[in-house]
There are 2 protein chains.
Amino acid sequence: MEHCDIHTTLEHAGLSKTSRRVAVLTVLVHAQTPLRVKDILDRVCGEGQINKVTVYRILASFKAEGIIREIATDHGVNFYEMACRHNPTHPHFYCRICRSLSCLPEQVIRESRFEHLLTGNQTVDGITLNLTGVCGTCNLIKDGHRRSKQ
Amino acid sequence: MEHCDIHTTLEHAGLSKTSRRVAVLTVLVHAQTPLRVKDILDRVCGEGQINKVTVYRILASFKAEGIIREIATDHGVNFYEMACRHNPTHPHFYCRICRSLSCLPEQVIRESRFEHLLTGNQTVDGITLNLTGVCGTCNLIKDGHRRSKQ
DNA sequence: CGATAAATGCAACTGATTTGCAAATGCTTT
DNA sequence: AAAGCATTTGCAAATCAGTTGCATTTATCG
């Protein structure tokens with residue numbers, strides 16, 4: 001998968017290129033699905049540790065600069081994904097059983113399609129379209145249980 | 001605003017009419033915006049207390065029966081609103097400053113419009129469209145600060 | 001009215017995220 | 001390259017939403 005250059009991205013955002021920021025951004029840039037903080041910690045660990053507080057702070061700065069998007073879920077765990085031209089805003093599917101989040105293809109979401117809904121002087125800086133339900137794997141498991149109980 | 005009958009709704013969902021469930025449902029049915037658990041606790045308090053654990057459990061049962069919808073936000077706080085014919089699925093606006101959630105008008109969201117995106121055998125039971133940004137009030141406050149610093 | 005299952009309250013717990021502060025690092029200027 | 005200073009990071013502890021276990025109360029049915 002094509003992706004943004006780490007250093008260019010940080011420079012462009014006006015963020016200094018510290019080892020931690022480079023590490024977190026590298027993980028995000030190579031991710032195939034949105035990641036939780038826990039996932040990022042696991043994947044960064046190989047190269048010399050990083051504190052979870054640092055990850056939270058780095059993610060906050062990335063989000064503030066518009067480098068990444070944050071996807072909230074029930075269960076209070078947030079996911080993060082790149083918000084660059086290689087990864088335009090798209091819908092997600094959240095499984096309420098295994099609590100995994102996956103990207104849905106195609107259908108790019110444009111803020112402009114919804115801005116006419118705003119009545120006051122709100123400022124929009126993000127849009128999220130989430131389907132919630134049970135993923136294929138968890139449905140298989142459920143079917144298995146149902147069958148074995150008959 | 002027109003709204004569903006409390007007792008009919010509970011009966012139809014197969015839930016017994018306990019004082020707590022009636023209280024929580026009454027609050028939800030009269031709410032003008034989606035509510036947090038904290039809001040529900042505040043509004044129910046007038047009539048003789050209710051434990052927060054009970055509220056969580058009642059909301060879980062309402063959600064399982066499709067009586068209410070749950071809206072997740074960054075910051076890990078969930079909001080709840082009626083999911084009846086008087087309140088069809090619609091987009092919301094979340095202010096990341098004051099952390100309030102408001103309903104956006106018109107534009108009803110139909111699951112069917114997005115189901116073709118699913119590739120495997122997922123089951124969808126909810127859909128959320130959220131705009132995130134800064135609400136009118138918080139924008140006014142920000143402008144005020146900016147002006148007073150010049 | 002009594003029995004029984006379901007609902008509720010309470011205390012304690014979990015897990016994600018945040019805060020305060022001291023130590024380490026990055027960047028600029030000698 | 002070293003000094004100076006702001007920024008970043010780590011650690012410990014706190015916060016806060018939401019959950020769990022268990023004892024008590026309530027609803028419903030015979």
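Every chain is numbered from 1, with letters handed out A, B, ... down the list of sequences.
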Distance (rounded to the nearest 0.5 Å) between [X] [atom1] and [Y] [atom2]:
X        : Y        : atom1 : atom2 : result
B/Ile127 : B/Arg69  : CD1   : CZ    : 11.0 Å
A/Ile141 : A/Cys135 : CD1   : SG    : 7.5 Å
B/Thr26  : B/Arg43  : OG1   : CZ    : 13.0 Å
B/Leu131 : A/Leu118 : CG    : CG    : 6.0 Å

| Helical bend (five base pairs per end, nearest 10°) for the helix from C/dC1-D/dG30 to C/dT30-D/dA1 |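 It comes to 30° between the two terminal axes.
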| message | Please determine whether a side-chain nitrogen or oxygen atom of A/Asn78 lies at a distance below 4.0 Å from atom OP1 or OP2 of C/dT17. | response |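 Checking C/dT17 against A/Asn78, a side-chain N or O does come within under 4.0 Å of OP1 or OP2.
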| said: Determine whether A/Asp125 and B/Arg96 satisfy the following criterion, salt bridge (Lys or Arg N to Asp or Glu O under 4.0 Å), listing intermediate values before the conclusion. | reply: CA-CA 10 Å; A/Asp125 47 36; B/Arg96 61 181 162 74; 2.7 Å; yes
| field | Toward the 5' end of DNA chain D, by each residue's nearest nucleotide, B/Lys52 or B/Lys17 | value |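 Looking at the nearest nucleotide for each, B/Lys52 comes out on the 5' side.
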Extract from the structure each pairing of a protein N or O with an N or O of nucleotides 6-8 of chain C at less than 3.5 Å, listing the distance.
{"residue": "C/dA7", "atom": "OP1", "partner": "B/Arg21", "partner atom": "NH1", "Å": "3.4"}
{"residue": "C/dA7", "atom": "OP1", "partner": "B/Arg21", "partner atom": "NH2", "Å": "2.4"}
{"residue": "C/dT8", "atom": "OP1", "partner": "B/Thr18", "partner atom": "OG1", "Å": "2.6"}
{"residue": "C/dT8", "atom": "O3'", "partner": "B/Arg20", "partner atom": "NE", "Å": "3.4"}

| Who pairs with A/Tyr94 by ring pair (Phe, Tyr, Trp, His ring centres under 6.0 Å), at least two apart in sequence or on another chain? |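 Listed in chain order: A/His75.
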| query | B/Asn87 side chain to B/Cys84 main-chain N or O, any donor-acceptor pair under 3.5 Å? | reply |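 Pair absent, no side-chain N/O of B/Asn87 close to backbone of B/Cys84.
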Roughly how many Å is it from [atom1] in [X] to [atom2] in [N], rounded to a whole number?
X       : N      : atom1 : atom2 : result
B/Tyr56 : C/dT14 : OH    : C1'   : 13 Å
A/Asp39 : C/dG15 : CG    : P     : 16 Å
A/Arg99 : C/dT14 : CZ    : C1'   : 11 Å
A/Arg36 : C/dG15 : CZ    : C1'   : 12 Å
B/Leu41 : D/dG18 : CG    : P     : 11 Å

| Test side chain to side chain contact (heavy atoms under 4.5 Å, CB included) applied to A/Tyr80 and A/Ile71, step by step | CA-CA 6 Å; A/Tyr80 300 88; A/Ile71 302 119; over 6 Å; no
| task | Decide, yes or no, whether a salt bridge links A/Arg99 with A/Asp74 under the criterion of side-chain N to carboxylate O below 4.0 Å. | result |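 Not counted as a salt bridge, because no side-chain N and carboxylate O are separated by less than 4.0 Å.
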| said: Between A/Asp5 and A/Thr8, do the side chains contain a donor N or O and an acceptor N or O under 3.5 Å apart? | reply: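 Yes.
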Would you tabulate the nitrogen or oxygen pairs shorter than 3.5 Å linking the protein to nucleotides 28-30 of chain C?
none

| Over all atoms of both residues, closest heavy-atom pair of A/Leu15 and A/Ser61 | CD1-OG, 4.2 Å
| Over all atoms of both residues, closest heavy-atom pair of B/Gln122 and A/Asn139 | C-ND2, 3.9 Å
| message | Once salt bridge (charged side-chain N to carboxylate O under 4.0 Å, His left out) is applied, do any residues pair with B/Arg21, and if so which ones, sequence neighbours excluded? | response |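 For B/Arg21, no residue satisfies salt bridge (charged side-chain N to carboxylate O under 4.0 Å, His left out) once neighbours in sequence are set aside.
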| task | Could you list by number each residue of residues 62-77 of chain A showing a heavy-atom separation from DNA chain D of less than 4.0 Å, or answer none if no residue does? | result |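 Output list: empty, so none.
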